[in-house]
Structure formats: C-alpha cells, structure tokens
Number of protein chains: 2
Amino acid sequence: MTPYTILPKSHYLHTEHHDKSILRVVSINVNGLRAAEKKGFMHWLAQSEADVVCLQETRLTHEQWDDKFKLEGWFAHLFPAEKAGYAGTSIYSRLPFVSVKNGLGFDLADTQGRFVEAEFDLGIGYPIYIASLYLPSGSSGEEAQARKDLFLAQYQTILATWRKENKSVIVCGDYNIVHKRIDIKNWSGNQKSSGCLPHERAWLDSLYDELGYVDTFREVRQESDVYSWWSNRGQARAKNVGWRIDYQVCSPDWKDRTVNAWVYKAQWFSDHAPVVIDYVINPKQGE
Amino acid sequence: MTPYTILPKSHYLHTEHHDKSILRVVSINVNGLRAAEKKGFMHWLAQSEADVVCLQETRLTHEQWDDKFKLEGWFAHLFPAEKAGYAGTSIYSRLPFVSVKNGLGFDLADTQGRFVEAEFDLGIGYPIYIASLYLPSGSSGEEAQARKDLFLAQYQTILATWRKENKSVIVCGDYNIVHKRIDIKNWSGNQKSSGCLPHERAWLDSLYDELGYVDTFREVRQESDVYSWWSNRGQARAKNVGWRIDYQVCSPDWKDRTVNAWVYKAQWFSDHAPVVIDYVINPKQGE
DNA sequence: CTTGCTAGG
DNA sequence: CCTAACAAG
C-alpha cells in the first residue's frame with residue numbers, strides 16, 4: 001500500500017494477538033530511530049503487544065530504513081523530513097492501514113515530517129485515525145519559539161475542523177508542552193522555559209476545554225511524578241526531574257474507551273519514554 | 001618557559017629515569033589526543049620510560065588541553081592548528097626544553113600546526129633538536145596532493161639549510177609517505193595512491209641519499225612486515241595490511257647512536273602505532 | 001548530554 | 001571506518 005508496507009494484509013489476519021477487544025497504542029519520541037534500535041527498541045516493539053506505535057524524531061531517510069527496522073507481522077510507514085538526520089515521524093502497526101496521509105497542509109508540518117496519519121478499520125462502522133505528531137521545540141531561541149507558536153496556530157484550526165467533522169482520532173505525539181503543575185517536576189523554575197510558557201499551556205487548555213479533546217493518559221492516571229521526558233544533562237532521569245510532554249490527544253469518543261495507561265521506563269531507548277495506552281474498541285453502554 | 005611547561009626544570013633533576021645514557025624518543029600520530037587518551041594513551045606514556053615524545057594530529061586547542069593531558073614529571077608543549085579539531089603537533093618531554101619553536105616559516109606548517117621543534121641540552125657540547133612533523137595527507141584529491149607537494153618542496157629547502165648548518169636533529173613524524181617496497185604490504189596495488197607515489201618516494205630518497213639524513217628505524221631494523229599505520233577500514237590492522245609512514249628522520253650524527261627501534265602494537269591508541277627508538281647519547285668511538 | 005551530519009583522514 | 005565540529009534538541 002505504501003513503500004513501507006512490508007507484509008500483505010492477509011498476513012495480519014493470521015497474526016496472533018494479545019486481546020482483540022483492546023487496542024494498544026504507543027507514542028514515543030525515539031531521538032533517532034537508529035540510536036534507539038541500538039538500545040533494543042525494535043526488540044521491545046516486537047514483544048510489546050502494541051497494535052499501533054507512533055514514533056517521532058526518527059531522523060531517518062527512506063534509504064536508511066533497512067532490514068533492522070522491519071518487523072515480521074507489522075506494517076510501517078515513514079514520513080521523513082526533507083533534511084537528512086532531522087525530525088521525521090513514523091507509524092508502525094500490526095493492523096493494516098486503510099490509508100496513510102503525510103503532513104497537515106502547512107510548511108513546517110509537511111517539509112519537516114512532523115505529522116503523519118493512518119486510517120484504520122476497527123469494524124465499528126466508522127473509520128478511526130491514529131496520527132504521530134512532532135511539535136517543534138522552541139528551546140533554542142526566539143525564532144524557534146516563533147516557529148513553534150505558528151505551528152500551534154495553524155494546527156489548532158485543523159483540530160477545530162476535525163471536531164466539526166466529528167473525526168475519530170488519536171493524535172500521539174511529542175507536543176513539547178507540559179499542561180499543568182503536575183506535569184513537570186520543577187514548575188517554578190521553568191515558568192520562562194519554552195515548553196512551560198503560559199501561552200503554550202493555554203493552547204493545550206483550549207484543546208481540552210474548548211474543542212473537547214481528551215488527554216487520555218490523565219483520564220485514567222492522576223498521580224504526580226509521572227513524566228515522559230528527562231533532560232540528558234546531569235542526573236535528570238535518575239532523579240526523575242522530568243516533564244510530561246508526550247500525549248495521546250483523542251477525540252471525545254476515546255474518553256470512555258481508555259482503560260489503562262503507563263509510561264514504560266524499564267528500558268532507556270531515548271530521552272523520552274514510551275507512553276502506552278490501552279483502549280477498549282467496543283465499550284459497553286453506560287460503562 | 002612556555003604556557004605548557006608544567007613543572008620547573010628543577011623537578012626533572014629529581015626524577016628517576018631508566019637509563020641516563022639512553023635517549024628514548026617516541027613518534028606517534030594520535031588521531032585526536034582526546035580519543036587516544038580515552039584509549040589509555042596518557043597512561044602508557046607515563047610508564048613508557050620515553051624521554052621525548054612527538055605527537056601529531058593532536059586535534060586539540062589550548063583550551064581543551066586540560067588536566068588529563070598533564071603528566072607529573074613531564075614538560076609539554078602544544079602547537080595547535082588555527083582551525084579547531086584539526087591537525088596540530090605537540091612534544092612531551094621528561095627533559096626540560098632549552099627552547100621551543102612553532103612552525104617552519106611557511107603557511108601550511110605554521111597555520112595548521114604541522115611542525116614544532118624543541119631544543120635540548122644533553123651535556124654533549126652542542127644543542128640537539130627534536131621535532132614533531134605532520135606532513136599533509138594527499139589522499140582526498142588533487143588539491144590535497146598539490147598542497148602536500150608544495151609542503152615537500154618548501155620543507156626540503158629547510159632540510160638542506162639545516163645540513164649546511166650541521167644542525168643535530170631528530171624529526172619525528174607522520175610523513176604520509178612510504179619509502180620502499182618493504183614499507184607497505186600492498187605495493188603493487190598502491191602505485192597510484194597518495195603516500196606511495198613515485199615522486200613522493202623520490203623525495204624521501206633525496207633526503208637520505210643526497211642530504212644525508214638517516215631513517216634510524218630502518219638503520220637497525222631490516223625485516224619486512226613492520227608498519228606504523230593501518231587503515232580503519234576492513235580488517236587492515238588484524239591482517240597487518242599496513243604502511244610504514246611514521247619515521248624518525250635524523251641528521252647523520254644520530255646514525256651510530258641508534259641502538260634499538262620498535263613499533264609498539266600491544267595497545268591500540270590510534271590508526272597509527274608509536275614508533276620507539278633508543279639512542280645512546282655518547283656512543284663509544286668506533287662503535 | 002545526546003543524535004546525526006559533515007569534513008577530513 | 002574513525003575523529004571532532006556542528007546544529008539541534
């Protein structure tokens with residue numbers, strides 16, 4: 001279906017699966033898929049029992065995507081940045097793609113491989129979409145912050161349109177923004193740091209409070225000190241001085257489907273950790 | 001005496017030494033002193049019983065020359081290239097320097113840190129000079145070869161002058177030229193390779209045959225299959241597919257002083273190995 | 001501090 | 001294939 005669909009649809013139908021009533025979705029910024037692979041990421045993926053895995057910052061071209069990134073029983077689609085070794089998103093899936101779409105129709109998303117979306121048929125009467133988003137970092141200066149803010153503005157209009165269309169979607173990704181005090185260890189020290197700026201957090205507020213999207217991790221996990229990213233500098237990860245900036249942002253129909261969520265920290269593939277969420281495909285009425 | 005003289009001359013006088021009648025001189029292209037240090041080079045140096053050690057391709061600025069490169073009981077002088085992370089030569093010594101001179105008075109030697117010389121007083125009634133030379137590589141193309149050839153021409157006139165002055169000198173270095181068939185494993189396959197070109201080898205001939213300089217290693221070691229550099233590609237070093245391109249080129253007075261010479265291969269600090277030569281300071285008449 | 005690129009070897 | 005710089009995070 002795409003150059004990266006490595007097995008025919010028929011193969012999937014014969015693949016054993018942990019629980020057909022659950023959809024397990026993973027989001028992780030791999031900080032270079034080649035580096036993550038060397039740390040055992042592909043092996044973890046193969047035994048993760050995940051159904052759909054959204055990667056950010058793959059930093060990999062089509063040419064570099066060789067056999068060691070191919071998994072038996074999985075489909076994969078890569079959307080690299082035009083610039084080699086930079087950014088890029090990807091979706092791996094044990095479910096076949098109905099369709100795949102690169103980009104969002106604006107420059108930063110399309111030239112830097114910052115958004116890719118796959119359509120799936122879960123047999124529920126309407127299509128569902130799972131996307132991998134890599135929001136720009138603003139931490140390297142004013143220009144970077146301006147680009148990030150522009151991305152936020154352009155992307156927000158698209159998110160609003162999707163709600164009007166009643167699109168069923170899970171946007172996995174590295175949003176590079178913490179939402180609330182609970183999402184960062186050093187709240188007071190980062191009020192002027194990109195990723196924790198009031199207007200960035202207000203942008204997430206508007207997604208949830210005005211447009212009705214759901215942070216499904218927080219829906220089922222309210223405790224503090226759970227983060228998805230730690231700086232490489234100093235002993236940040238050892239001390240759990242982290243930020244929760246990787247989310248699965250869902251249309252409202254996924255709220256009641258969310259049954260479990262965790263951050264996988266046992267292994268260290270990247271400066272980000274995988275955010276894993278289990279969704280029931282057919283929730284019982286009133287449950 | 002220089003910014004890099006880390007101990008006063010008086011200290012040396014109290015330092016135990018293996019054999020005061022022998023001068024042990026080492027030449028090595030370290031391919032980045034920071035990388036070599038991580039592989040144990042500084043530790044090897046400390047216990048080498050060498051008196052003077054000439055380094056090439058230090059790839060280190062003054063600012064980067066920190067405590068881990070300082071050895072108790074040793075003097076050191078660094079001559080970096082103007083361009084950070086590139087080329088550069090250095091001399092470490094347990095003998096105090098009488099004087100130190102950077103460069104040769106022409107552009108390539110002076111801006112790229114390709115020649116540094118130290119004067120020593122061995123108590124023999126005249127000064128001796130030990131230099132570290134890093135001759136340009138010509139292997140990256142025609143322009144590089146032209147720069148190398150220009151260096152050879154300019155340096156040759158200086159070598160001729162030194163002979164007229166009867167200067168006593170040991171020029172340690174990475175000459176990036178093999179001399180004869182015995183100095184390279186794959187002779188026939190490299191007739192068109194920079195470093196094995198007829199005009200380059202003829203340049204070495206002229207040094208030895210016309211100017212009277214001496215390749216002191218070959219003076220005492222005539223066997224084949226002794227090399228000082230192996231490509232990083234493939235299994236070159238494991239298969240001993242090497243080149244002898246690192247020499248101690250001496251004025252004629254050092255010929256009869258040369259008592260032992262070897263290439264130290266037990267450890268692997270760089271793509272080059274240290275060339276170690278022992279000289280008797282006061283050879284007996286007629287010996 | 002870490003990734004991957006690039007130039008230089 | 002290896003080193004160090006660089007830009008980016």
Side-chain angles (χ1 to χ4, degrees), chain A residues 29-39 41 55-61 63-64 80-88 112 114 134-141 143-145 147-148 174-177 193-195 229-238 241 243 245-246 268-272, chain B residues 29-39 41 56-61 63-64 80-88 112 114 134-141 143-145 147-148 174 176 193-195 229-239 241 243 245-246 268-272:
Chain A
N29 175 318
V30 290
N31 191 20
L33 186 54
R34 284 167 288 176
E37 185 273 331
K38 287 179 193 156
K39 296 168 192 160
F41 176 67
L55 308 183
Q56 301 90 41
E57 218 176 347
T58 46
R59 301 171 72 161
L60 191 81
T61 63
E63 290 69 35
Q64 292 163 335
E82 289 175 0
K83 182 176 170 182
Y86 182 70
Q112 300 190 340
R114 291 187 176 273
Y134 177 34
L135 237 147
S137 164
S139 58
S140 60
E143 275 185 45
Q145 186 64 45
R147 278 194 295 272
K148 181 179 186 178
D174 175 1
Y175 285 70
N176 266 316
I177 307 174
S193 304
S194 178
W229 176 79
W230 303 262
S231 169
N232 276 319
R233 301 171 210 195
Q235 292 297 101
R237 180 150 179 177
V241 179
W243 303 39
I245 55 178
D246 299 273
W268 192 213
F269 307 122
S270 158
D271 49 347
H272 298 248
Chain B
N29 175 317
V30 290
N31 191 20
L33 186 54
R34 285 167 288 175
E37 184 273 331
K38 286 179 194 157
K39 296 168 192 162
F41 176 67
Q56 301 90 39
E57 218 176 349
T58 47
R59 301 171 73 162
L60 190 81
T61 62
E63 289 69 35
Q64 292 163 335
E82 289 174 1
K83 182 175 169 181
Y86 181 72
Q112 300 190 340
R114 291 186 176 274
Y134 177 33
L135 238 146
S137 164
S139 58
S140 60
E143 276 187 46
Q145 186 63 45
R147 279 194 295 272
K148 181 180 186 177
D174 174 1
N176 265 317
S193 304
S194 177
W229 175 80
W230 303 263
S231 169
N232 276 320
R233 302 171 209 197
Q235 292 298 97
R237 180 148 179 180
K239 296 176 189 163
V241 180
W243 302 39
I245 56 178
D246 299 273
W268 192 214
F269 306 123
S270 158
D271 47 347
H272 298 249

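Chain naming here is simple, since letters A, B, ... match the order of the sequence lines and numbering starts at 1 in each. Both backbone and side-chain heavy atoms feed into the values below; hydrogens, waters and symmetry mates do not.
B:Tyr134 meets the ring pair (Phe, Tyr, Trp, His ring centres under 6.0 Å) test with no other residue; sequence neighbours excluded. Residues passing the side chain to side chain donor-acceptor pair (under 3.5 Å) test with B:Trp243: none are found, sequence neighbours excluded. Annotation: side chain to side chain donor-acceptor pair (under 3.5 Å) contacts of A:Glu37 (sequence neighbours excluded): none. Taking A:Glu63 as the reference, A:Thr61 meet the side-chain contact (heavy atoms from CB on, under 4.5 Å) condition, with sequence neighbours excluded. Residues that satisfy the side chain to side chain donor-acceptor pair (under 3.5 Å) test with B:Asp246, not counting sequence neighbours, are B:Ser228, B:His272. Considering only residues two or more places apart in sequence or on other chains, A:Ser139 meets the side chain to side chain donor-acceptor pair (under 3.5 Å) condition with A:Ser137. For A:Ala144, the side-chain contact (heavy atoms from CB on, under 4.5 Å) test picks out A:Ser140, A:Arg147, with sequence neighbours left out.
Nucleic acid contact class of B:Ser139 (heavy atoms, under 4.0 Å, all strands): none. Contact annotation for A:Ala144: no contact, since no heavy-atom pair falls under 4.0 Å across all strands. Across all strands shown, B:Lys83 has heavy atoms under 4.0 Å from sugar-phosphate atoms exclusively, and none from any base. Using a 4.0 Å heavy-atom criterion, one finds that B:Gln235 contacts no nucleic acid atom at all. B:Lys39 comes within 4.0 angstrom of the backbone, heavy atoms only, and of no base. Across all strands shown, A:Gln112 has no heavy atoms under 4.0 Å from either base or sugar-phosphate atoms.
In 5' to 3' order, the nucleotides of DNA chain D bounding all contacts with chain B (an atom under 4.0 Å from a heavy atom) are D:dC1 to D:dA5. For DNA chain C, the contact window with chain B, defined by any atom under 4.0 Å from a protein heavy atom, covers C:dG8 to C:dG9 in 5' to 3' order.
Position along DNA chain C of the nearest nucleotide to B:Arg59 versus A:Arg59 favours A:Arg59 as the more 5'-ward residue.
Under the 4.5 Å side-chain criterion, counting only non-hydrogen atoms from C-beta, B:Leu33 is in contact with B:Phe41.
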